[in-house]
Amino acid sequence: MTYDRLVCANCAAPVSQGRCPVCRANRERLQQEGPFAGLNPMALVALMVVLLAALALVAHQAA
């Protein structure tokens, strides 16, 4: 899940705005979870499609 859609239970504002200390702490934690944590789901799907196409091309060249 991306943090741009999360709502803070402490201040009821979007976490991406970082209005309160809880928002800022959670925003930092979500940004540090991994290399793909900041990507939205459609970008991940597009990346998977590109990787599968490259894999199919390599498999076709090897055969």
Side-chain angles (χ1 to χ4, degrees):
M1 174 179 274
T2 57
Y3 73 93
D4 59 335
R5 295 194 177 170
L6 293 178
V7 176
C8 178
N10 192 40
C11 67
V15 172
S16 61
Q17 293 179 0
R19 291 185 181 177
C20 71
V22 176
C23 291
R24 288 189 288 275
N26 283 324
R27 182 176 60 185
E28 289 297 321
R29 182 183 57 83
L30 287 169
Q31 287 176 344
Q32 295 175 0
E33 280 187 355
F36 300 112
L39 293 177
N40 64 20
M42 288 307 295
L44 289 175
V45 169
L47 180 61
M48 288 299 293
V49 168
V50 169
L51 290 174
L52 286 174
L55 181 64
L57 181 63
V58 169
H60 181 26
Q61 295 292 327

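The model shown is predicted, which means the values in this text are computed figures rather than measured ones.
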- Looking at residues at least two apart in the chain, or sitting in another chain, which of them share a side-chain hydrogen bond (donor to acceptor under 3.5 Å, both in side chains) with Arg19? Gln17

- Qualifying residues under side-chain contact (heavy atoms from CB on, under 4.5 Å), relative to Cys8, sequence neighbours excluded: Asn10, Cys11, Val15, Cys20, Val22, Cys23

- Item | Residues forming a salt bridge (charged side-chain N to carboxylate O under 4.0 Å, His left out) with Arg29, sequence neighbours excluded | Glu33

- Query: So how far is it from Leu52 CG to Leu57 CG, rounded to the nearest 0.5 Å?
  - Reply: 12.5 Å

